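Okay, so here's the structure we're looking at.
Each ligand, and each atom within it, is numbered from 1 in the order the structure gives. This one's a predicted model, so the numbers in the text were calculated from it and none came from an experiment.
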Amino acid sequence: MEFQFDVNEYFKKPIVEIRNTLLPPDFAGDRRSLWNTVNRVAEIVNEMGEASAHAQGLTKPITTADRLRQSDQTLYFLVDQNANNGFGSVTGMLKVGKKGLYVFDQEGQHYKVNPPCVLDFYVHEKHQRNGLGKQLFEHMLKKENVTPYNLAIDRPSDKFLNFLNKHYNLSSPIKQMNNYVVFEKFFDSSGNDGENEVEQSPSTRSNGLQGASPNYGRYGAPRPPCSMGQIIHNATPVLQKGRETTRAQ
Ligand code: ACO
């Protein structure tokens, strides 16, 4: 996406991170240039947010400068520094942030988690399917120190699901009631392929999964299958001898 101003003046690297200050990490300048930069960055955030919403068929953008200001989320912008006669253009945007969620695994077991989430992802129409999305996504994974299956995805589009399948072999998304999607390995206690050095304490993993139930004490006792989880995942409820049958069953 091209702008009426010199994008390279504000975004000096091919991938730039923006947080709630709306200032690029390498910003230096006086108060006047600070306001000027914040206004230009807000314009970029709003335009890219609009374009992303349009591409996803949403009535309202998920990403706006006002919302970013009030959040602890991170926006990664992909910049083509040579485009627009040397003024540069913004070709992609990826927004991530942590969210407190309840998620169900395939067995219907539920967890309270605080994982990094992909909240908005967009590559300009002219540049889709050229590897730019992968470039931006890889950069984010490194910066956030996460693996793709540590992430929860907010209402992924089919294009994004294809993307995850193609580049990261993630298939069979586990759809949640809150419209987020996670993948099977999200629940894996070793949910780390060793490529990045994610330190995982036994109690909280990099996806915020509060440690697996210990196999001792009352948490170690066998649990009945969660009927709500079975309903959500359209699984046939398992009737167990001696257990109370619920209406849902
Ligand atoms: N149809 C089907 N799959 C697609 C399409 C498409 N039109 N575009 C991209 N993909 C998937 C495919 O797996 C494709 O591989 P292929 O071309 O061999 O089939 C792969 O992505 C291409 O990978 P990249 O080139 O690295 O990805 P790209 O630069 O196209 O970026 C993105 C992917 C961000 C999903 C982009 O297609 C896009 O902006 N789409 C429109 C907006 C959107 O759907 N965003 C995700 C919303 S969900 C969310 O934000 C949480």
Margin query: Over 60° means perpendicular and under 30° means parallel, so tell me whether F5 and Y10 are parallel, tilted or perpendicular.
Written below: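 The arrangement is perpendicular - the two ring planes meet at more than 60°.
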
Below 6.0 angstrom between ring centroids: does that apply to [X] and [Y]?
X: F137; Y: F163; answer: yes
X: F160; Y: F121; answer: yes
X: F87; Y: F3; answer: no

Notebook entry, point to check: Contact residues of ligand 1 with a heavy-atom cut-off of under 4.0 Å?
Noted result: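 For ligand 1, the contacting residues are A55, Q56, V118, D120, F121, Y122, V123, Q128, R129, N130, G131, L132, G133, K134, I153, D154, R155, P156, S157, K159, F160, N162, F163, K166, H167.
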
Next item on the list: Return yes when atom CG of N179 has more than 12 non-hydrogen atoms of other residues, nucleotides or ligands closer than 6.0 Å, and no otherwise.
Entry: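 Yes.
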
Item checked: salt bridge (charged side-chain N to carboxylate O under 4.0 Å, His left out) involving K13 - partner list, sequence neighbours excluded ->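 For K13 there are no salt bridge (charged side-chain N to carboxylate O under 4.0 Å, His left out) partners, ignoring immediate neighbours.
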
